[in-house]
Number of protein chains: 2
Amino acid sequence: MEYDVLKLSNQLCFPLYACSREIVKKYKPFLDEIGLTYTQYIAMMVMWEKKTVNVKTLGECLYLDSGTLTPLLKKLEAAGLVTRERSEKDERNLVIGITEKGESLKEPAKTVPEKMASCMNLSMEEVSTLYSLLYKILKADEVCE
Amino acid sequence: MEYDVLKLSNQLCFPLYACSREIVKKYKPFLDEIGLTYTQYIAMMVMWEKKTVNVKTLGECLYLDSGTLTPLLKKLEAAGLVTRERSEKDERNLVIGITEKGESLKEPAKTVPEKMASCMNLSMEEVSTLYSLLYKILKADEVCE
DNA sequence: GCAAATTATATTGTGTATAATTAAATTGAG
DNA sequence: CTCAATTTAATTATACACAATATAATTTGC
């Protein structure tokens with residue numbers, strides 16, 4: 001009984017961890033159609049919104065560091081979706097820009113969120129509650145506007 | 001405006017994905033003390049509860065497949081925490097058992113959940129709501145008792 | 001009772017994640 | 001001004017994740 005704190009079913013972290021992976025998995029067939037992985041997809045979301053961003057800022061938006069982003073951005077560059085250039089003002093900064101091809105991917109990508117919504121068995125209100133609670137946990141480190 | 005569906009801030013999946021990683025990151029210093037990674041920790045949680053389990057069942061409990069579990073279980077075996085033996089009844093089954101050393105790790109591990117709880121800025125009620133919503137999403141594929 | 005389908009685990013290849021280290025550029029205290 | 005401290009990316013090493021494939025053992029239909 002004194003070990004109940006160590007039961008998997010008593011952990012909050014575990015359904016969070018499992019749920020995250022299950023949902024990313026559900027995205028796969030839709031993202032395959034536009035040739036992106038889930039992480040590449042959320043990186044492109046930031047690019048569609050900001051057009052230009054340096055690696056540090058992108059990392060803050062996505063809660064990812066350069067160890068993850070550097071190879072990922074090189075792949076997006078190789079796919080012709082983004083450009084990678086040193087800032088002229090401060091050459092330590094690597095500026096990521098979106099290409100025309102990257103912009104045009106927005107059109108087919110637009111259908112992904114609606115396709116996913118139909119996979120969720122939650123009501124609008126439940127989605128809203130869940131969203132608020134997750135951001136409450138994240139907000140301590142919140143940086144991206 | 002018609003592209004608002006593609007804004008990162010309008011996605012439910014993203015805070016779930018980011019939150020999951022942020023929380024696993026918070027576990028790290030506590031788990032380092034007992035020499036486990038997060039995935040190894042939740043695998044040991046199942047072992048502390050069940051004592052004996054085959055790989056398939058463990059995978060169903062954790063929503064992980066053999067590609068993740070095989071190398072992980074070999075590391076836990078190398079650390080002397082679990083045993084790996086083919087079932088006599090059905091040699092396709094690999095039975096994982098907990099060792100005495102694995103059992104004794106339960107004692108220091110017991111302090112991890114309380115240490116983590118103090119890292120969360122949610123009320124008991126919020127934790128409970130979040131827990132229910134996450135399991136509602138997961139329940140479609142729920143297998144582990 | 002035996003070939004075909006099914007089941008369970010392992011292997012391989014690709015893609016994240018993160019910590020730690022390195023290297024280069026800028027800033028700021030004296 | 002100048003050099004040490006700081007900042008920013010890239011690199012490296014380790015550890016997951018998962019899809020796809022392979023392998024081996026058991027069931028089952030006939």
Query raised in the report: What is the distance, rounded to the nearest whole Å, between atom CZ of Arg21(B) and atom C1' of dA19(C)?
Result: 15 Å

Query raised in the report: For dA10(D), does either OP1 or OP2 sit under 4.0 Å from a side-chain N or O belonging to Arg86(A)?
Result: yes

Report task. Whole angstrom is fine here: how far is it from CG in Leu73(B) over to P in dA15(D)? Result -> 15 Å

Query raised in the report: Taking only N and O in the side chain of Asn93(B), is any of them less than 4.0 Å away from OP1 or OP2 of dT9(C)?
Result: yes

Query raised in the report: Roughly how many Å is it from CD in Glu77(B) to P in dA10(C), rounded to a whole number?
Result: 10 Å

Query - Shortest side-chain distance from Glu91(B), nucleotide among dT9(C), dT8(D), dT26(D) - result: dT26(D)

**Report entry** Lys101(A) (side chain) donor-acceptor with Ala79(A) (main chain) under 3.5 angstrom
**Finding:** yes

Report task. Specify the separation, in whole Å, of atom CD of Gln40(B) and atom P of dA15(D). Result -> 8 Å

Query raised in the report: Looking only at side-chain N and O atoms, does Asn54(A) come under 4.0 Å of OP1 or OP2 in dT8(D)?
Result: no

**Report entry** Length of the line joining Asp65(B):CG and dT21(D):P, which is rounded to integer Å
**Finding:** 15 Å

Query raised in the report: Please give, in whole Å, the distance from dT9(C) P to Lys74(B) NZ?
Result: 13 Å

Query raised in the report: Quick one: Tyr27(A) OH to dT16(C) C1', roughly how many Å, whole number?
Result: 17 Å

Report task. Check whether any side-chain nitrogen or oxygen of Lys28(B) sits under 4.0 Å from OP1 or OP2 of dA19(C), and answer yes or no. Result -> no

Query raised in the report: Is there a donor-acceptor contact under 3.5 Å from the side chain of Ser20(B) to the main chain of Leu16(B)?
Result: no

Query raised in the report: Which is true for Leu64(B) with a 4.0 Å heavy-atom rule: it touches a base, it touches only sugar-phosphate, or it touches nothing?
Result: sugar-phosphate

Query raised in the report: Any side-chain heavy atom of Tyr63(A) within less than 4.5 Å of one from Cys19(B)?
Result: no

Query - Sugar-phosphate, base or nothing in reach of Thr37(A), heavy atoms under 4.0 Å - result: sugar-phosphate

Query raised in the report: Starting at the 5' end of DNA chain D, which residue's closest nucleotide do you reach first, Glu88(B) or Tyr38(B)?
Result: Tyr38(B)

Requested in this report: May I ask you to evaluate whether Lys56(B) reaches the phosphate of dT9(C), defined as a side-chain N or O under 4.0 Å from OP1 or OP2?
Outcome: no

Query raised in the report: Does OP1 or OP2 of dT9(C) have a side-chain N or O of Thr70(B) closer than 4.0 Å?
Result: no

Report summary line: Comparing nearest nucleotides in DNA chain D, the 5'-proximal residue of the pair Ser66(B), Leu72(B) is Leu72(B)

Query - From dC16(D), dT18(C), dA10(D), nucleotide with atom closest to Thr39(B) side chain - result: dC16(D)

Query raised in the report: Has the side chain of Arg92(B) got a donor or acceptor that lies under 3.5 Å from a partner of the other kind on the base of dT7(C)?
Result: yes

**Report entry** Distance test, side-chain N/O of Lys75(B) to OP1/OP2 of dC16(D), below 4.0 Å
**Finding:** yes

Query - Audit row: Lys56(A), Glu60(A), salt bridge (Lys or Arg N to Asp or Glu O under 4.0 Å) steps and yes/no - result: CA-CA 6 Å; Lys56(A) 183 182 169 59; Glu60(A) 285 170 351; 3.6 Å; yes

Report summary line: Among dA10(D), dC16(D), dT11(D), the one nearest any side-chain atom of Arg84(A) is dA10(D)

Query raised in the report: Considering only dA9(D), dT26(C), dA25(D), which nucleotide approaches the side chain of Val55(A) most closely?
Result: dA9(D)

Query raised in the report: If you check the Asp90(B) side chain, which of dA9(D), dT26(D), dC16(D) turns out closest?
Result: dT26(D)

**Report entry** Atom-to-atom span, CG of Leu76(B) to P of dA15(D) - whole angstrom
**Finding:** 12 Å

Requested in this report: Tell me yes or no: between the side chains of Ser87(B) and Asp90(B), is some donor less than 3.5 Å from an acceptor?
Outcome: no

Query raised in the report: Under 4.0 Å: is that the gap between some side-chain N or O of Lys26(B) and OP1 or OP2 of dT18(C)?
Result: no

Query raised in the report: What nucleotide, of dT18(C), dA10(D), dA10(C), holds the atom closest to the side chain of Leu94(A)?
Result: dA10(D)

**Report entry** Closest-nucleotide ordering on DNA chain C, the 5'-leading residue of Thr68(A) and Lys89(A)
**Finding:** Thr68(A)

Query raised in the report: Counting distance only, does the side-chain N/O of Arg84(B) pair as donor-acceptor with the main-chain N or O of Leu94(B) below 3.5 Å?
Result: no

**Report entry** Phosphate OP1/OP2 of dG15(C): any Lys25(A) side-chain N/O under 4.0 Å
**Finding:** no

Query raised in the report: With distance as the sole test, does Asn93(B) use its side chain to make a donor-acceptor pair with the main-chain N or O of Val95(B) at under 3.5 Å?
Result: no

